[in-house]
Amino acid sequence: MPELPEVEAARRAIAENCIGKRIKRCVVADDTKVIDGVSRGDFEASLTGKTIVAAHRKGKNMWIQLDSPPFPSFQFGMAGAIYIKGVAVTKYKRSAVSDTDEWPSKYSKVFIELDDGLELSFTDKRRFAKVRLLKNPAIVAPISELGPDALLEPMTEDELFKALSKKKIAIKALLLDQSFISGVGNWIADEVLYQAKIHPLQSAASISKEGCAALHKSLKEVIEQAVEVGADSSQFPSNWIFHSREKKPGKTFVDGKAIDFIKAGSRTSAYVPELQKLSGDQAVKAAAKPQKKSSNKKNNDGAESEDEEVAKPKGGKKTTQSKAKKPPAKRKTDTSDEDNDDDDDDDDDEEEKPATKKKSKGSSGNKRSTARKKSKESDSDDGDEDDVKAEVEVAKKAQTGRPTRMRAK
């Protein structure tokens, strides 16, 4: 999804090409999911005849200042994009409009024609963006609720260390919390943590002074470099994990080191296990647990793009892979790491596993009778062991949804 560098590129394009020009015509889409809290007629009337004075941004939000309020405000969501006809503005794959497409695009939500003939459009293919008309966007939600902008209001190293020491949540989830620091999304957080050699699940409060210094440095460098090239990913340094994070597990490498994928909150993180290791108590606890690689779950989309989660197993074949003696726990969702318009892609975190558990309980009587039958039929000296084996066998069949009576026969 568009993150700070992409939105900043859009803001700069407007600032460089539209300042001082009068809005001759405005066409707003009849889409109440995107056009929030104002009718299309009122929106169009409020912009027509006004002069563009400035373009502002905070985090992933941008607004255009006119010679008098109200001002149009854009929350880019998953696929929001600014296009100016005849002007190169950074394109990101989920919102890219081809030069051969109709103009304005059928995905246009706000189209503006200026008095010198220049035309611009805010498009949104996926309809998770929000466009508002506000008297002062900076002092009302959602912009007023954002933390310091990662580019314009960076924390000092000491400020960052103090802020981290108060947070016991995973560092990846914290970086994605827009009330903590605004503008950082999934790909930036992965890149920053990779460059700083910090595990995405490392507790923020447990990060050392040295680790914080590395985090502060990488956060500054990644954002500044991305902004400097206008968010053109083809110009990002070749040793960035960015270039490989969307490939499939087991086939993804950076500088010859394998990239793995792990769930951090409601997002999937790409990281390099060889370099990004848990430390302190978390390392001890991790070592005591059986190792489970996320790549074994066959996450077909690798490290997902900024707006989509790795595919979750739902019933069917993948559910039957779980062992009967330890039914899989229902995964909780965490919506604190992204803007609210991202939540729809996280809904499928809720798996159909409770039904599987219920079915296992309902077949407990059949499991015991089948176990007794197997015990009588065999000459084993250890009846209890046969019971356990039989119950495990029946429980496995119960998870597949097959009647246990058929197994007893």
Side-chain angles (χ1 to χ4, degrees), residues 1-12 14-15 19 28 31-39 42-43 46-47 50 52-82 109-110 122 124 127-156 159-160 162-164 166-167 169 173-186 188-189 204 219 223 227 265-267 306-307 334-344 346:
M1 69 180 294
E3 300 183 25
L4 188 157
E6 291 88 350
V7 181
E8 176 62 14
R11 186 204 68 78
R12 291 185 180 187
I14 291 177
I19 300 299
V28 176
D31 187 348
T32 55
K33 183 178 179 181
V34 176
I35 309 301
D36 187 25
V38 59
S39 69
D42 288 345
F43 202 122
S46 294
L47 267 62
K50 300 285 185 66
I52 297 179
V53 174
H56 304 278
R57 180 197 57 78
K58 183 162 186 179
K60 305 174 191 177
N61 294 260
M62 186 194 78
W63 67 100
I64 298 175
Q65 182 180 343
L66 307 176
D67 53 2
S68 64
F71 309 142
S73 173
F74 306 89
Q75 187 174 1
F76 281 54
M78 295 182 184
I82 288 286
K109 303 305 175 184
V110 177
F122 177 80
D124 180 22
R127 300 177 66 223
F128 285 103
K130 293 293 181 185
V131 180
R132 304 176 177 91
L133 196 61
L134 305 169
K135 289 185 177 180
N136 190 346
I139 65 172
V140 296
I143 298 173
S144 63
E145 298 174 347
L146 298 176
D149 184 85
L151 175 68
L152 304 176
E153 308 161 298
M155 296 183 195
T156 65
E159 288 172 339
L160 180 60
K162 289 178 182 178
L164 295 183
K166 299 175 183 177
K167 305 290 185 179
I169 67 171
L174 183 60
L175 290 176
L176 295 179
D177 183 349
Q178 300 301 295
S179 67
F180 178 73
I181 184 169
S182 60
V184 175
N186 212 29
I188 290 181
L219 184 63
I223 290 177
V227 168
S266 65
R267 311 309 255 172
E306 291 67 42
D307 51 274
D334 181 358
T335 58
S336 66
D337 60 337
E338 286 289 329
D339 298 334
N340 291 335
D341 51 13
D342 292 351
D343 293 345
D344 287 45
D346 297 332

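All values reported here derive from a predicted model rather than from experimental measurement. Computed from heavy atoms alone, side chains included, the values below leave out hydrogens, waters and symmetry copies.
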Check whether any side-chain heavy atom of I181 sits under 4.5 Å from a side-chain heavy atom of L174, and report yes or no. no
Interatomic spacing from CG in L176 to CZ in R267 - rounded to 0.5 Å: 7.5 Å
Non-hydrogen side-chain atoms of D124 and F74 separated by less than 4.5 Å: no
Step by step, would you call R57 with L151 a side chain to side chain contact (heavy atoms under 4.5 Å, CB included)? CA-CA 10 Å; R57 180 197 57 78; L151 175 68; 3.8 Å; yes
I want to check something: taking the side chain as every heavy atom from C-beta on, are P5 and V227 in contact at a cut-off of under 4.5 Å? yes
For the residue pair I35 and V110, establish whether any side-chain heavy-atom pair is separated by less than 4.5 Å. yes
Within the distance-only criterion (no hydrogens, no angle test), does the side chain of D149 pair as donor or acceptor with the backbone N or O of G59 below 3.5 angstrom? yes
For F76 and F122, take the angle between the two ring planes, folded into 0 to 90°, and tell me which bin it lands in: parallel under 30, tilted 30 to 60, perpendicular over 60. perpendicular
Is any side-chain heavy atom of N186 closer than 4.5 Å to one of M1? no
Do L133 and W63 pass the side chain to side chain contact (heavy atoms under 4.5 Å, CB included) test, and can you show the C-alpha distance, the side-chain angles, and the key distance before you say yes or no? CA-CA 9 Å; L133 196 61; W63 67 100; over 6 Å; no
Result of checking Q65, R132, K135 against F71 for side chain to side chain contact (heavy atoms under 4.5 Å, CB included): Q65
Look up atom CD1 in I52 and atom CG in L47, then write down how far apart they are to the nearest 0.5 Å. 8.0 Å
Side chain R12, main chain I14, donor-acceptor under 3.5 Å: no
Using side chain to side chain contact (heavy atoms under 4.5 Å, CB included) as the criterion, point out the one residue from R11, Q178, H56, Q75 that pairs with N61. Q75
State, to 0.1 Å, how close A189 and V184 come at their nearest heavy-atom pair, and which atoms those are. N-CG1, 3.9 Å
Determine the sole option in E145, E8, E153 for which the salt bridge (Lys or Arg N to Asp or Glu O under 4.0 Å) test with K58 is passed. E153
Lys NZ or Arg CZ of K33 over F128 ring: under 6.0 Å, within 45°: yes
In terms of heavy-atom contacts, P2 and G77 come closest through CD-O, 3.6 Å
Note: D177-K167 ion pair, threshold 4.0 Å (strictly below): no
Looking at side-chain heavy atoms only, is the closest gap between S73 and I143 below 4.5 Å? yes
So, does K50 use its side chain to make a donor-acceptor pair with the main chain of S46 at under 3.5 Å? yes
Walk me through it: do V53 and I19 pass the test side chain to side chain contact (heavy atoms under 4.5 Å, CB included)? CA-CA 5 Å; V53 174; I19 300 299; over 6 Å; no
Looking at side-chain heavy atoms only, is the closest gap between L219 and I223 below 4.5 Å? yes
Kindly indicate, with the supporting measurements, whether the criterion side chain to side chain contact (heavy atoms under 4.5 Å, CB included) is fulfilled by K60 and E6. CA-CA 8 Å; K60 305 174 191 177; E6 291 88 350; over 6 Å; no
